[in-house]
Participant: 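Attaching a single structure in structure tokens format; questions to follow.
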Amino acid sequence: MLSLPLLRNISAIVHVTSPKITPSSSFIKMQTTRLSSAKGQTYPSDERENPGSETATDDCSKKVRVFVRRKRATKTVLTTVEKGKHEILDQKPCSLPEIEDFAYGKDSSFPPSTHTPANWEKVLEGIRTMRSSENAPVDSMGCEKAGSSLPPKERRFAVLVSSLLSSQTKDHVTHGAIQRLLQNNLLTAEAIEQADEGTIKDLIYPVGFYSRKASNMKKIAKICLSKYDGDIPSTLEGLLQLPGIGPKMAHLVMNVGWNNVQGICVDTHVHRICNRLGWVSRPGTKQKTSTPEETRESLQLWLPKEEWVPINPLLVGFGQTICTPLRPRCGICTISGFCPSAFKETPSPSSTPKKSQRS
DNA sequence: GTCCTGTATC
DNA sequence: GATACCGGAC
């Protein structure tokens, strides 16, 4: 697991323009094969059924080219803009030992993304440690795991409905609603399509926005039946077409329902914490991102893909217990030394300092 | 009063 | 960016 930590979505192309550098060139070629084959690895999957979607998209991948000429080498880091078109992210001279470190996977700062924040691995490790001692609500339930004993198609539908119901709702409330739907055999597209909306509303009460969600469940069931043979959409685009399913839930469903990681599931906690840590910014600036979607795109530019799934529960739990929206507990946070926002009055979130208004 | 792993609409 | 959607817990 710890070998080649950063290379999962990186392919390396090494052009040796001069065969004069005998000691290193053959070595580089040998390693190139290994690096290239590391690309395209998909996230561990226990079920191989995923008709419409492609694993491991290239939209976050980087290509690294190392040009060796005489005694000088240049590293060029490219990112794929669209098919066949690349954009140069970074280009600078490097020494041959540097190339060897890269080839062996020792050099964790390479490729030198302009977005990669310093010490991010230490920060992540620190948060993991804090999370293992502190108990967060997110750990107790995990509502999206609902229906894990069901057949695949029904399980996926259960995942979709759980996600829909879980927004702005405590996990145990969501869990109860799912249990009631299950007991009434109302957790398939067919059943929901036939059921009365009022019945659904009563069963899912008191989840947040239950009325709107009951209505959305009916619409979703209809779409799943007419377009997907009662299954759920297997692509991000398809999921986003469903009423009540936005980017956060669409990525969650792709992750949990299809074992297909298309993007990071960014919610309010991930959004807030990444900005506090200075891990994300508006494109081309140092300003904070203003929406979770902007955060997702910024984070995906540098965070290694193997962290894309675990980052969510990690930061959610951290955000629920320590790095809270209002008055974060920087005093007990072990990574405050790395945090540019530590011990500062949080300026951004809903700051309406209407205190001292009393006569 | 404020908080809740959001989404859709204005 | 602001607001409605929803109600319960603290």
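Below, chain A is the first sequence line, B the second, and so on; all start at residue 1.
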Participant: Tell me every residue that passes side chain to side chain donor-acceptor pair (under 3.5 Å) with A/Arg282, counting only those two or more places apart in sequence or in another chain.
Facilitator: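 Result, side chain to side chain donor-acceptor pair (under 3.5 Å) vs A/Arg282: A/Glu294.
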
Participant: Between B/dT2 and C/dA4, how far apart are the P atoms? Round to whole Å, please.
Facilitator: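 Going atom to atom, P in each nucleotide, I get 15 Å.
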
Participant: For A/Lys170, answer base if it contacts any base atom (sugar-phosphate contacts may also be present), sugar-phosphate if it contacts only those atoms, and nothing otherwise; contact means non-hydrogen atoms under 4.0 Å.
Facilitator: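 Nothing, no nucleic acid heavy atom in range.
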
Participant: Would you kindly give the CD-to-P distance between A/Gln168 and B/dC3, to the nearest whole Å?
Facilitator: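 My rounded result for the distance is 12 Å.
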
Participant: Indicate yes or no: at least one non-hydrogen side-chain atom of A/Cys323 is less than 4.5 angstrom from one of A/Arg276.
Facilitator: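 They are in contact (side-chain heavy atoms under 4.5 Å apart), so the answer is yes.
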
Participant: Using the P atom as the reference point in each nucleotide, state the distance between B/dC3 and C/dT3 in Å, no decimals.
Facilitator: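 Result for the P pair: 15 Å, nearest Å.
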
Participant: Heavy atoms only, 4.0 Å cut-off, all strands: where does A/Tyr210 land among base, sugar-phosphate and nothing?
Facilitator: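 Sugar-phosphate contact only - A/Tyr210 comes under 4.0 Å of backbone atoms but never of a base.
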
Participant: So do A/Met130 and A/Ile127 actually touch side chain to side chain, heavy atoms under 4.5 Å?
Facilitator: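 Touching, per the 4.5 Å side-chain cut-off.
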
Participant: Can you check whether A/Gln262 reaches A/Asn260 side chain to side chain, under 4.5 Å on heavy atoms?
Facilitator: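 Yes, side chains in contact.
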
Participant: For the pair made of CZ in A/Arg327 and C1' in B/dT2, what is the distance, rounded to whole Å?
Facilitator: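 Going from CZ in A/Arg327 over to C1' in B/dT2 covers 11 Å.
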
Participant: Expressed in angstrom and rounded to an integer, what is the separation of A/Leu164 atom CG from B/dG6 atom C1'?
Facilitator: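 About 10 Å, once rounded to whole Å.
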
Participant: Only counting residues at least two apart or in another chain, list the ones meeting side chain to side chain donor-acceptor pair (under 3.5 Å) with A/Gln241.
Facilitator: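 Checked A/Gln241 against side chain to side chain donor-acceptor pair (under 3.5 Å); zero matches.
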
Participant: Tell me: CG of A/Leu252 to C1' of B/dT7, nearest whole Å?
Facilitator: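 After rounding, the reported distance stands at 15 Å.
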
Participant: Using side chain to side chain donor-acceptor pair (under 3.5 Å) as the criterion, list what pairs up with A/Lys222, not counting sequence neighbours.
Facilitator: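 A/Lys222 satisfies side chain to side chain donor-acceptor pair (under 3.5 Å) with A/Glu193 only.
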
Participant: Rounded to the nearest Å, what distance is computed from the CD atom of residue A/Gln241 to the P atom of nucleotide B/dT7?
Facilitator: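 Checked: the CD to P distance equals 15 Å.
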
Participant: Considering only heavy atoms of chain A and a distance under 4.0 Å, specify the first and last nucleotide of DNA chain C in 5' to 3' order that meet this criterion.
Facilitator: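 With heavy atoms of chain A under 4.0 Å away, the range is C/dG1 to C/dG8.
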
Participant: Taking CG from A/Leu160 and P from B/dT7, how many angstroms apart are they, rounded to a whole number?
Facilitator: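 Atom CG in A/Leu160 sits about 12 Å away from atom P in B/dT7.
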
Participant: For a quick test of your reading: what N or O donor-acceptor pairs under 3.5 Å do the side chains of residues 244-255 of chain A make, sequence neighbours left out?
Facilitator:
residue  : atom : partner  : partner atom : Å
A/His251 : ND1  : A/Gly263 : N            : 3.4
A/His251 : NE2  : A/Arg296 : NE           : 3.4
A/Asn255 : ND2  : A/His251 : O            : 3.2

Participant: Rounding to a whole Å, what distance do you find between A/His271:NE2 and B/dC4:C1'?
Facilitator: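 Distance, rounded to whole Å: 16 Å.
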
Participant: Are side-chain heavy atoms of A/Pro152 and A/Arg156 found at a separation under 4.5 Å?
Facilitator: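 Answer yes - side chains close enough.
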
Participant: What does A/Thr268 touch in the nucleic acid at a heavy-atom separation under 4.0 angstrom: a base, only the sugar-phosphate, or nothing?
Facilitator: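 Sugar-phosphate contact only.
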
Participant: For atom P, what is the distance between B/dT5 and C/dC10, given to the nearest Å?
Facilitator: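 That atom pair is separated by 14 Å.
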
Participant: With a 4.0 Å limit, can you tell me whether A/Gln320 has a side-chain N or O closer than that to the phosphate oxygens OP1/OP2 of B/dT5?
Facilitator: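 Yes, because at least one side-chain N or O of A/Gln320 sits under 4.0 Å from OP1 or OP2 of B/dT5.
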
Participant: Give me, pair by pair, the N or O atoms of the protein and of nucleotides 8-10 of chain B that are less than 3.5 Å apart, along with how far apart they are.
Facilitator:
residue : atom : partner  : partner atom : Å
B/dA8   : OP1  : A/Gly244 : N            : 2.8

Participant: Taking atom P of B/dC3 as reference, at what distance in whole Å does atom CG of A/Asp171 sit?
Facilitator: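 The answer, rounded to whole Å, is 19 Å.
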
Participant: Do the side chains of A/Glu190 and A/Lys153 get close enough for a salt bridge, i.e. N-O under 4.0 angstrom?
Facilitator: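 No, no charged N to carboxylate O under 4.0 Å.
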
Participant: Given the P atoms of B/dT9 and C/dC6, what is the spacing between them in whole Å?
Facilitator: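 To the nearest whole Å, 14 Å.
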
Participant: Is any side-chain heavy atom of A/Thr289 less than 4.5 Å from a side-chain heavy atom of A/Leu299?
Facilitator: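 The answer is no; the side chains never approach within 4.5 Å.
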
